[in-house]
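Worth knowing before you read on, the calculation uses all heavy atoms, side chains too, and leaves out hydrogens, waters and symmetry mates. Bear in mind that the values here come from a model prediction, so they are computed numbers and not experimental data.
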Amino acid sequence: MKFEIGKTDVLVSEVEVKPQRQTFNPPSGGNGSNGNNDGNNGDDEQKKGHPFAEDEKFIANKSRIAMYFLLLIVIMTFSGLIGAYIVIATNKGLEWKPFSLPIQIWISSVIIIASSIVFEIYNRIYSRGEQKQAKKWLILTAVLGAIFIASQLIAWLDLVNRGIYLAGNPYAGFFYIFTGVHAFHILGGIFAVGYLILKTENETKSGDELFKRQTHAKVTTWYWHTMGGLWFILFFILGFWK
């Protein structure tokens with residue numbers, strides 16, 4: 001079509017008109033194969049934007065890093081105490097008076113080994129999805145931890161009855177400090193296990209929640225095993241390096 005305006009000719013056919021971009025959202029639940037494919041592609045794009053796998057990795061890494069820092073602080077604390085013990089023990093001062101360890105120390109060693117084994121049984125059962133059965137082993141872990149602390153209290157009472165106190169004997173002082181600080185950290189582990197017990201009070205079928213619980217249980221297990229290893233280091237130093 002051609003219009004003549006004065007001496008200017010305008011060809012409508014030469015005018016370029018760009019169509020507006022339109023989006024088409026296929027109806028959900030469509031029976032057509034194209035609709036299903038488009039819906040799947042949309043879901044795939046959404047998963048790429050907010051992948052559940054990345055959320056899992058974030059949760060796991062966050063909990064692990066926090067536990068790494070905590071364990072580093074714990075190890076540094078006990079390393080400082082052990083270093084001071086070695087320096088004073090090698091000087092062999094007149095006030096350094098070692099004594100035979102109470103029998104409760106041996107009993108405590110058996111208890112802490114049993115608690116670590118029970119904790120590992122819990123992790124394996126829970127990883128199989130047997131939440132109700134696994135909870136019993138988790139409760140048993142907390143009970144064994146409480147018994148361990150009770151055995152330490154009995155050991156201290158035994159020393160008091162023997163007239164061995166914190167002051168006046170550096171060896172006795174280190175015994176009370178080592179076992180006291182260790183018992184305090186075991187108490188913290190019991191609180192962590194208690195948190196896991198509360199979280200597993202109600203069973204869940206949510207994959208996200210199960211993963212969170214398993215991650216918390218795993219890092220708590222690291223802490224518990226670390227305290228078990230530190231106990232045997234202290235036991236060796238107090239019992240065989242006097």
*Take His225 and Glu120 through the side chain to side chain donor-acceptor pair (under 3.5 Å) test and state the conclusion after the steps.*
CA-CA 10 Å; His225 291 340; Glu120 281 298 328; 2.7 Å; yes
*Enter the distance from Leu230:CG to Phe178:CZ here, rounded to the nearest 0.5 Å.*
10.5 Å
*Given Trp222 and Val219, is the side-chain contact (heavy atoms from CB on, under 4.5 Å) satisfied, shown in steps?*
CA-CA 5 Å; Trp222 296 349; Val219 297; 4.0 Å; yes
*Does the side chain of Thr179 come within less than 4.5 Å of Leu234's, by heavy atoms?*
no
_Among Val193, Ile186, Leu71, the one residue meeting side chain to side chain contact (heavy atoms under 4.5 Å, CB included) with Tyr223_ = Leu71
*With ring centroids as reference points, do Trp137 and Tyr126 lie under 6.0 angstrom apart?*
no
*Looking only at non-hydrogen atoms, find the nearest pair between Ala155 and Ile105 and report the distance.*
CB-CD1, 4.3 Å
*Which atoms form the tightest heavy-atom contact between Leu101 and Gly239, and what is the distance?*
CD1-CA, 3.6 Å
_Is it the case that the ring center of Phe148 lies less than 6.0 angstrom away from the ring center of Trp231?_
yes
*Cluster question for you: counting only ILVMFWY and a side-chain heavy-atom cut-off of under 4.5 Å, with indirect links fine, are Trp224 and Ile233 together?*
yes
*Any chance you could measure Ile149, atom CD1, to Ser108, atom OG, to the nearest 0.5 Å?*
10.5 Å
*Any chance you could measure Leu159, atom CG, to Gln104, atom CD, to the nearest 0.5 Å?*
8.5 Å
*Does the ring centre of Tyr85 sit less than 6.0 Å away from the ring centre of Trp96?*
yes
*Between Tyr165 and Tyr176, is the ring centre distance below 6.0 Å?*
no
*asked:* To the closest 0.5 Å, what do you measure between CG (Leu144) and OG (Ser151)?
replied: 10.5 Å
*Step through the shown structure and confirm whether more than 12 heavy atoms of other residues, nucleotides or ligands are within 6.0 Å of CH2 on Trp241.*
no
*asked:* Let me check something: do Ile147 and Ile113 share a hydrophobic cluster, defined by ILVMFWY side-chain heavy atoms less than 4.5 Å apart, either directly or through other members?
replied: yes
*Do you know which two heavy atoms are closest between Ala142 and Ile197, and how far apart they sit?*
CB-CD1, 4.3 Å
_Angle between ring planes, Phe232 versus Phe235, binned at 30° and 60°: parallel, tilted or perpendicular?_
perpendicular
*Can Phe191 be reached from Leu153 by stepping across I, L, V, M, F, W or Y side chains whose heavy atoms are under 4.5 Å apart?*
yes
*Are Glu95 and Asn169 close enough that some pair of their side-chain heavy atoms sits under 4.5 Å apart?*
no
*Would you mind reporting whether Val74 and Met227 have side-chain heavy atoms less than 4.5 Å apart?*
yes
*Any chance you could lay out the ring-ring contact (aromatic ring centres under 6.0 Å, His included) test for Trp156 and Phe175, step after step, and finish with the verdict?*
CA-CA 9 Å; Trp156 297 339; Phe175 179 88; 8.1 Å; no
_Distance-minimising heavy-atom pair for His216 and Tyr195_ = ND1-CE2, 4.1 Å
*Would Ile103 and Val160 show up in the same hydrophobic cluster when neighbours are defined by side-chain heavy atoms closer than 4.5 Å?*
yes
_Within the 4.5 Å heavy-atom criterion, are Ile88 and Phe174 side-chain neighbours or not?_
yes
*asked:* Applying side-chain contact (heavy atoms from CB on, under 4.5 Å) to Ile112 and Ser115, what does each step give before you reach the verdict?
replied: CA-CA 5 Å; Ile112 202 165; Ser115 66; 4.0 Å; yes
_Separation between CD1 of Ile125 and NZ of Lys136, rounded to the nearest 0.5 Å_ = 9.5 Å
*How far does NZ of Lys62 sit from CE of Met67, to the nearest 0.5 angstrom?*
14.0 Å
_Tell me the closest heavy-atom pair linking Tyr122 and Ala217, and the distance in Å._
CE2-CB, 3.7 Å
*Report yes or no: do Leu157 and Trp106 belong to one cluster of Ile/Leu/Val/Met/Phe/Trp/Tyr joined by side chain heavy-atom distances under 4.5 Å?*
no
*Check whether more than 12 heavy atoms from other residues, nucleotides or ligands sit under 6.0 Å from atom CZ of Arg162, and answer yes or no.*
yes
